[in-house]
Amino acid sequence: MNTRLTAATVLCAAALLALPACSSSSDDAETKPTKASTPKAPPTPSTDWSAAEKPAGIPPEPTGAKREELLRALAAANPDIVKYEDKAIDAARNQCTSLNATGVSRLDWMAAQRFTYREVTTTEAQGKQINEALKGIGFCKA
């Protein structure tokens with residue numbers, strides 16, 4: 001206990017000694033004060049994710065009827081998958097990167113891994129069904 005207390009005291013003292021080194025000196029008093037300017041809002045980054053996703057083989061996020069069709073196809077493979085719809089959609093989009101790539105092995109295993117989250121477990125056999133469903137509805141066409 002004494003060692004911890006001593007260490008904490010030394011650290012606090014070192015921090016207090018370092019604090020004056022961070023302040024400006026009084027020699028700056030002779031410099032002219034700078035004109036206050038209106039702060040400008042930082043530019044909003046305009047990252048176009050769709051431009052980066054398409055070359056990677058990730059389809060756009062489905063909406064409306066396409067979203068419902070995808071969720072039905074996934075539920076046919078494993079009904080638990082669609083408990084978390086947004087997760088299922090993200091996993092399906094990510095699985096397309098593997099399906100669209102050439103020479104990728106263990107696609108069914110990858111699908112099983114991508115669609116296993118929280119209390120949802122997906123088997124490799126269900127992963128195969130997922131891959132067939134994604135191909136069957138044409139979801140992964142880049």
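The one candidate from Asn131, Ile130, Val104 that meets the side chain to side chain contact (heavy atoms under 4.5 Å, CB included) condition with Met110 is Val104.
Under the side chain to side chain donor-acceptor pair (under 3.5 Å) criterion, Thr97 pairs with no residue at all, not counting sequence neighbours. Shown here are the side chain to side chain donor-acceptor pair (under 3.5 Å) partners of Gln126, two or more places apart in sequence or in another chain: Asn78, Thr123. Scored by the side chain to side chain contact (heavy atoms under 4.5 Å, CB included) test, Ala133 finds Ala73 as partners (sequence neighbours excluded). For Gln113, the side chain to side chain contact (heavy atoms under 4.5 Å, CB included) partners two or more places apart in sequence, or in a different chain, are Trp109. Here Lys87 pairs with Tyr84, Tyr117 under the side chain to side chain contact (heavy atoms under 4.5 Å, CB included) rule; sequence neighbours left out.
Across Phe115 and Thr122, no two heavy atoms sit closer than the pair O-OG1, 2.7 Å. The heavy-atom pair separating Leu74 from Ala92 by the smallest distance is CD1-CB, 4.3 Å. Contact detail for Ala88 and Leu71: the closest heavy-atom pair is CB-CD2, 4.4 Å.
The list of disulfide (SG to SG under 2.5 Å) pairs with a residue in residues 100-138, not counting sequence neighbours, is empty. Residue pairs that meet the salt bridge (charged side-chain N to carboxylate O under 4.0 Å, His left out) test with at least one member in residues 59-71, sequence neighbours left out, are Glu61-Arg67, Arg67-Glu85, Arg67-Asp86. Contacts classified as salt bridge (charged side-chain N to carboxylate O under 4.0 Å, His left out) and involving residues 113-132 (residues at least two apart or in different chains) are not found. Applying the disulfide (SG to SG under 2.5 Å) rule to pairs touching residues 54-96 yields Cys96-Cys140, sequence neighbours excluded. Applying the salt bridge (charged side-chain N to carboxylate O under 4.0 Å, His left out) test to residues at least two apart or on different chains, the pairs with a partner in residues 89-104 are Glu53-Arg93.
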